[in-house]
Amino acid sequence: MKKLINAPEDVLAESLRGLALSHPELEVDLADRVILRATRKDEGKVALLSGGGSGHEPLHGGFVGTGMLDAACAGEVFTSPTPDQMQVATKAIDRGAGVLHIVKNYTGDVMNFEMGAELAAMDGIEVRSVVVDDDVAVQDSLYTAGRRGVGLTVLLEKIVGAAAEEGQDLAAVADLAARVNGQGRSMGMALTSCTVPAAGKPTFDLPDDQMEIGIGIHGEPGRHRVPLAPAKDIAAQLVEPILADLDFTGSPAIVMLNGMGASPLIELYLMYGEVATLLEKAGVRVARNLVGNYITSLDMAGCSVTVLKADDELLRLWDAPVVTPGLRWGA
């Protein structure tokens, strides 16, 4: 195993220390492993909290900032943060209008966020939650009951973050989050496995002439293992299940071509070209797009595609300014 680390057991703590030194616009609670905005949102506005196991950077800590999250809880690599972390974070960011928890559909995350919300309620804070479950690859996996929460999490945090920033109330923000979750689908693939520092070896064996279609962000197995193919064929194996699961015709779409951590941008842009061509042929109008590493799986090579069925309101919120370490645009 070749990694830029000191000791596997210190990776998260030392990474958070580096994050704090790199981004003075963030406040990093090293004891509780919570990443917060250094300057809190105005009183009377809804706050957003997300989090999960580390190893998916820039998700979630990289999306803490103006226009997105107010805080993120960092668990150990591929391990859910604890309810106590959620309680600390929720209490720290509440501005009197309640807090929305954004939870990816993994059993540990769902359970711990539920307990965290109960603890926050004991502090007198109103909490609503949305569970993101956009992965069309499998109905159940090693980590979930139902579909996994993957790339749509990024798009949801951006759109809902804009709504909270402009002052929409908790009910409206929660309803918007549910609507976005219902209108987005994702599918991913891997060329290589990831290597968890504590394990010191790849999570699964994938021969050089094969690829895994439908992987999860923790190295979970996908739909099937198939021979390595040209990019245009890989794109079809990702796009076709998405289009078969939800009708995107007649509406604008927001599309993300996401890298899993180890694929260079030259390949990601090439893949986006193939995905965009397939969507155009299928009658899907791409109105906005993202290409890059936004929800990764350590050093896994591969990519995922997320398509969100949008409308004028979602596009307006998408275009709102955002300033975070992992996502920046606008004024």
Side-chain angles (χ1 to χ4, degrees), residues 23 25-29 32-52 56 58-75 80-81 83 85-105 109-110 112-114 116-117 119-121 123 125-132 134 149 151-181 184 294-295 308 313-314 317-318 320-328 330:
H23 296 284
E25 72 274 23
L26 299 177
E27 173 189 330
V28 182
D29 179 344
D32 292 303
R33 297 179 174 178
V34 176
I35 302 159
L36 311 103
R37 298 190 194 189
T39 302
R40 300 291 194 268
K41 187 178 284 176
D42 293 342
E43 286 284 346
K45 288 188 174 182
V46 172
L48 304 185
L49 172 66
S50 194
H56 306 304
L59 196 83
H60 290 277
F63 300 137
V64 173
T66 304
M68 289 189 77
L69 298 175
D70 293 88
C73 299
S80 174
Q85 287 177 270
M86 285 81 158
Q87 181 186 25
V88 167
T90 302
K91 191 171 183 178
I93 63 177
D94 177 47
R95 308 305 287 163
V99 178
L100 179 72
H101 286 179
I102 300 171
V103 188
K104 301 187 304 300
N105 189 31
D109 287 2
V110 172
N112 287 350
F113 265 99
E114 285 178 351
L119 292 172
D123 293 325
I125 301 171
E126 184 179 3
V127 175
R128 298 279 294 272
S129 300
V130 60
V131 176
V132 185
D134 54 307
L152 185 65
T153 311
V154 179
L155 278 59
L156 187 147
E157 290 176 354
K158 169 64 187 78
I159 290 169
V160 176
E165 202 74 54
E166 70 180 20
Q168 294 190 30
D169 65 24
L170 183 58
V173 170
D175 288 347
L176 174 66
R179 179 156 69 95
V180 171
N181 184 58
Y294 298 103
I295 173 170
L308 171 62
E313 176 68 1
L314 295 189
L317 293 168
W318 179 260
V322 58
V323 181
T324 75
L327 193 64
R328 295 174 181 266

Student: Of all heavy-atom pairs between K104 and G149, which one has the smallest distance, and what is that distance?
Tutor: CD-O, 3.7 Å
Student: Are any side-chain N or O atoms of R95 and backbone N or O atoms of K41, one a donor and one an acceptor, separated by less than 3.5 Å?
Tutor: yes
Student: How close do L152 and D134 get, counting heavy atoms only, and between which atoms?
Tutor: N-OD2, 2.9 Å
Student: Supply the atom-to-atom distance M86 CE to D32 CG, rounded to the nearest 0.5 angstrom.
Tutor: 12.5 Å
Student: Indicate yes or no for a side-chain donor-acceptor contact from R328 to the backbone of V323 under 3.5 Å, with no hydrogens or angles considered.
Tutor: no
Student: Rounded to the nearest 0.5 Å, how far apart are CG of D169 and NZ of K45?
Tutor: 13.5 Å
Student: Quick one: which of V64, T324, I93 gives a side-chain contact (heavy atoms from CB on, under 4.5 Å) with L69?
Tutor: V64
Student: Looking at every heavy atom in both C73 and A89, which two are closest together, and how far apart are they?
Tutor: SG-CB, 3.8 Å
Student: Which of these, V322, I159, V160, sits in a side-chain contact (heavy atoms from CB on, under 4.5 Å) with M68?
Tutor: V322
Student: Enter the distance from D42:CG to E165:CD here, rounded to the nearest 0.5 Å.
Tutor: 8.0 Å
Student: Can you find a heavy atom in the side chain of E25 that is under 4.5 Å from one in the side chain of P325?
Tutor: yes
Student: CG/L317 to CG/L176 distance, rounded to the nearest 0.5 angstrom?
Tutor: 6.0 Å
Student: Look up atom CG in L48 and atom CZ in F63, then write down how far apart they are to the nearest 0.5 Å.
Tutor: 13.5 Å
Student: Minimum heavy-atom separation for A71 and V34, please, with both atom names.
Tutor: CB-CG1, 4.3 Å
Student: For F113 versus I102, what's the shortest heavy-atom pair and its separation?
Tutor: CZ-O, 4.4 Å
Student: Do L59 and E157 make a side-chain contact, defined as non-hydrogen atoms from C-beta onward lying under 4.5 Å apart?
Tutor: yes
Student: Please give me the minimum heavy-atom distance between K91 and D123, naming the atom from each residue.
Tutor: CD-OD2, 4.0 Å
Student: Under the side chain to side chain contact (heavy atoms under 4.5 Å, CB included) criterion, do V173 and R128 qualify, and how do the steps go?
Tutor: CA-CA 9 Å; V173 170; R128 298 279 294 272; over 6 Å; no
Student: Only one of L49, V99, D70 passes side-chain contact (heavy atoms from CB on, under 4.5 Å) with D94; say which it is.
Tutor: V99
Student: Less than 4.5 Å apart, any side-chain heavy atom of V154 and any of K158?
Tutor: no
Student: Please check if the side chain of H101 supplies one atom and the backbone of S129 the other of a donor-acceptor pair under 3.5 Å.
Tutor: no
Student: Output, in order, the C-alpha distance, side-chain angles, deciding distance and verdict of side chain to side chain contact (heavy atoms under 4.5 Å, CB included) for Q85 and N112.
Tutor: CA-CA 9 Å; Q85 287 177 270; N112 287 350; over 6 Å; no
Student: Quick one: pull up CG in N181 and CG in L155 and give me the separation to the nearest 0.5 Å.
Tutor: 11.5 Å
